[in-house]
Amino acid sequence: MTDSSAPPVAVFDLDNTLADTAHRQRFLESKPRDWNAFFAAAPDDPPLAEGVALALASAEECEVVYLTGRPERCRRDTLAWLAAQGLPEGRLHMRDDQDRRPARHTKLEVLRQLARTREIRMLVDDELVCDDAERAGLTVVRARWTAPSEALGEAQEQDGRT
């Protein structure tokens, strides 16, 4: 049962939704992938203006929640990056360090938990996650303001890392 007295939530992904990961894609293109370098470079991600503007506008009516496939060990850097961009404060849901399921599965699990008690106004994420969330009945906004990354897509689906 959702709490009708609480504001709805707007859920935002980070990588290639709010944060431009293009400068660190090279770490995913090598074999084996260099996950430590990929995540170590995340604090240097430039913000994506379209995503940031949408998050700021959403905060006027919604509680902003961040939902990422980044591992929990990246929490401190991620929170610092969000604050440095002037993004709204909000809960940050991250993947357990040992969880290797595809991001669309881990994220849908969190979304279902959120939806039990809160209205989810929208989810802003990439295509695969949005497809599954839309099938589950959620309103989605596809973050199409960056070029799709084949390496990142593989990482999400096959490696369960981001």
Side-chain angles (χ1 to χ4, degrees), residues 3 5-28 33-99 103-104 106-115 117-130 133 138-149 151-153 155-156 159-162:
D3 180 356
S5 67
V9 295
V11 181
F12 285 82
D13 175 41
L14 296 177
D15 293 337
N16 287 345
T17 299
L18 296 174
D20 185 350
T21 65
H23 72 102
R24 54 189 172 109
Q25 294 300 314
R26 68 185 186 277
F27 299 118
L28 299 182
R33 291 182 172 96
D34 188 345
W35 289 107
N36 290 332
F38 179 75
F39 289 120
D44 298 324
D45 289 353
L48 292 166
E50 297 90 338
V52 170
L54 186 55
L56 292 170
S58 297
E60 294 177 14
E61 296 182 11
C62 299
E63 175 187 337
V64 172
V65 172
Y66 302 100
L67 176 58
T68 181
R70 292 180 186 184
E72 185 65 40
R73 71 180 183 274
C74 298
R75 180 172 291 275
R76 183 178 301 140
D77 285 345
T78 301
L79 288 171
W81 185 90
L82 290 166
Q85 308 317 311
L87 283 155
E89 288 187 22
R91 287 179 286 165
L92 172 61
H93 295 270
M94 302 185 84
R95 172 193 301 273
D96 182 79
D97 287 336
Q98 307 311 314
D99 191 342
R104 59 194 174 98
T106 61
K107 289 182 177 184
L108 197 56
E109 185 178 285
V110 172
L111 290 165
R112 286 185 174 128
Q113 290 171 354
L114 278 171
T117 59
R118 298 292 292 280
E119 173 197 345
I120 298 177
R121 175 76 48 91
M122 70 177 156
L123 165 69
V124 185
D125 209 318
D126 61 39
E127 291 292 329
L128 286 173
V129 175
C130 284
L138 297 172
T139 300
V140 302
V141 174
R142 287 171 170 77
R144 292 184 173 146
W145 38 84
T146 59
S149 164
L152 189 59
Q156 289 176 326
D159 298 347
R161 295 282 190 129
T162 184

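Note that the structure is a prediction, hence the values are computed from the model and not measured.
Between Phe39 and Trp35, the angle of the ring planes stays under 30°, which puts this pair in the parallel group of the 30/60° scheme.
Interatomic distance, Leu14 CG to Asp45 CG, rounded to the nearest 0.5 Å: 9.0 Å. Rounding to the nearest 0.5 angstrom, the gap separating the CD1 atom in Ile120 from the SG atom in Cys62 is 11.0 Å. A distance of 10.5 Å separates OG1 in Thr106 from CG in Asp96, rounded to the nearest 0.5 Å. If you take CE on Met94 and CG on Asp99, they are separated by 12.5 Å, rounding to the nearest 0.5 Å. Note that the NE2 atom of His93 and the CG atom of Asp13 stand 13.0 Å from one another [nearest 0.5 Å]. Rounding to the nearest 0.5 Å gives a distance of 13.5 Å between CG of Asp97 and CZ of Arg70.
When side chains are defined from C-beta on, Val11 does not count as touching Lys107, because their heavy atoms never get closer than 4.5 Å.
Put simply, the side chain of Asp126 never gets that close to the backbone of Thr17: no donor and acceptor are under 3.5 Å apart. Listed for the Arg142 side chain is no donor-acceptor partner under 3.5 Å among the backbone atoms of Glu127. No donor-acceptor pair under 3.5 Å is formed between the side chain of Arg95 and the backbone N or O of Pro71.
Heavy atoms only, all atoms of each residue included: Ala40 and Pro43 are closest at O-CD, 3.2 Å. The shortest heavy-atom contact between Ala133 and Leu111 is CB-CD1, 4.3 Å.
In terms of the side-chain contact (heavy atoms from CB on, under 4.5 Å) criterion, residue partners of Asp34 (sequence neighbours excluded) are, by chain and number, Phe27, Asn36, Ala37. By the side-chain hydrogen bond (donor to acceptor under 3.5 Å, both in side chains) test, Glu109 pairs with Arg101, sequence neighbours left out. In this structure, the side-chain contact (heavy atoms from CB on, under 4.5 Å) partners of Leu87, at least two apart in sequence or on a different chain, are Leu18, Val52, Ala55, Tyr66, Trp81, Leu82, Gln85. Applying the side-chain contact (heavy atoms from CB on, under 4.5 Å) criterion to Leu48, with sequence neighbours excluded, gives Asp20, Trp145, Thr146.
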Evaluation steps, side chain to side chain contact (heavy atoms under 4.5 Å, CB included), between Phe38 and Arg26: CA-CA 8 Å; Phe38 179 75; Arg26 68 185 186 277; over 6 Å; no
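Note on residues 74-86: pairs passing salt bridge (Lys or Arg N to Asp or Glu O under 4.0 Å), not counting sequence neighbours, are Glu72-Arg75. Applying the side chain to side chain donor-acceptor pair (under 3.5 Å) test to pairs two or more places apart or on separate chains, those with a residue in residues 47-63 are Glu61-Arg121, Glu63-Arg91, Glu63-Arg118.
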